[in-house]
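Data first, discussion second: the structure below is written as structure tokens.
For the numbers below, each heavy atom of this structure counts, side chains included, while hydrogens, waters and symmetry mates do not. For ligands, and for the atoms within them, numbers begin at 1 and follow the listed sequence.
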Amino acid sequence: MEKKQKEKLGNVIREKIKVQKKNMISYKELIKPIPPDNAIGRLTRMEAISNKSINEAALDEAKHTLSRLERALKMTDDPDFGLCRVCEEMIPFARLMIMPESDLCVQCAEKLTG
Ligand SMILES: [Zn+2]
């Protein structure tokens, strides 16, 4: 991969890391314990509990993506960066720009996820 492309990707990854961190802060805010007896009605409280589990899942997902992005950022200097970990073909640059945390090409990703 060309140096310029690596620089571009590095910027995309850093931007995505920022977004994930921001998202994590808002998810953490949303999953704060719900007070057992406050002004909100019973239904609203049930809604709040169900939203809480959705937000907990979203937080987990964000954490996972963040660690993959951080790994990808470290990898941009690696000569193997951008190679599919299964078939070792170069992952198309356009795909890396959208999903820089990806370490599989489209074909292998499809095979693995079915
Ligand atoms: Zn592949």
For residues 18-26, which side-chain N or O atoms pair as donor and acceptor with protein atoms under 3.5 Å away, sequence neighbours left out?
from	atom 1	to	atom 2	distance (Å)
Ser26	OG	Lys22	O	3.2
Ser26	OG	Asn23	O	3.1

Spell out, as yes or no, whether a donor-acceptor pair under 3.5 Å connects the side chain of Lys52 to the backbone of Pro33.
no
Sorted by chain and residue number, which protein N/O/S atoms are under 2.8 Å from the Zn ion (ligand 1)?
Cys84 SG, Cys87 SG, Cys105 SG, Cys108 SG
Residues 105-114 side chain polar contacts: donor-acceptor under 3.5 Å, at least two apart:
from	atom 1	to	atom 2	distance (Å)
Thr113	OG1	Ala109	O	2.7

Filter on side chain to side chain donor-acceptor pair (under 3.5 Å), then keep only pairs touching residues 87-97, sequence neighbours left out; what's left?
Arg95-Ser102
Go through Lys6 and Asp77 one step at a time and tell me if the salt bridge (Lys or Arg N to Asp or Glu O under 4.0 Å) criterion holds.
CA-CA 8 Å; Lys6 282 191 177 182; Asp77 285 329; 5.7 Å; no
Treat each ILVMFWY residue as a node, draw an edge where side-chain heavy atoms are under 4.5 Å apart, and state whether Ile91 and Phe81 are in one component.
yes
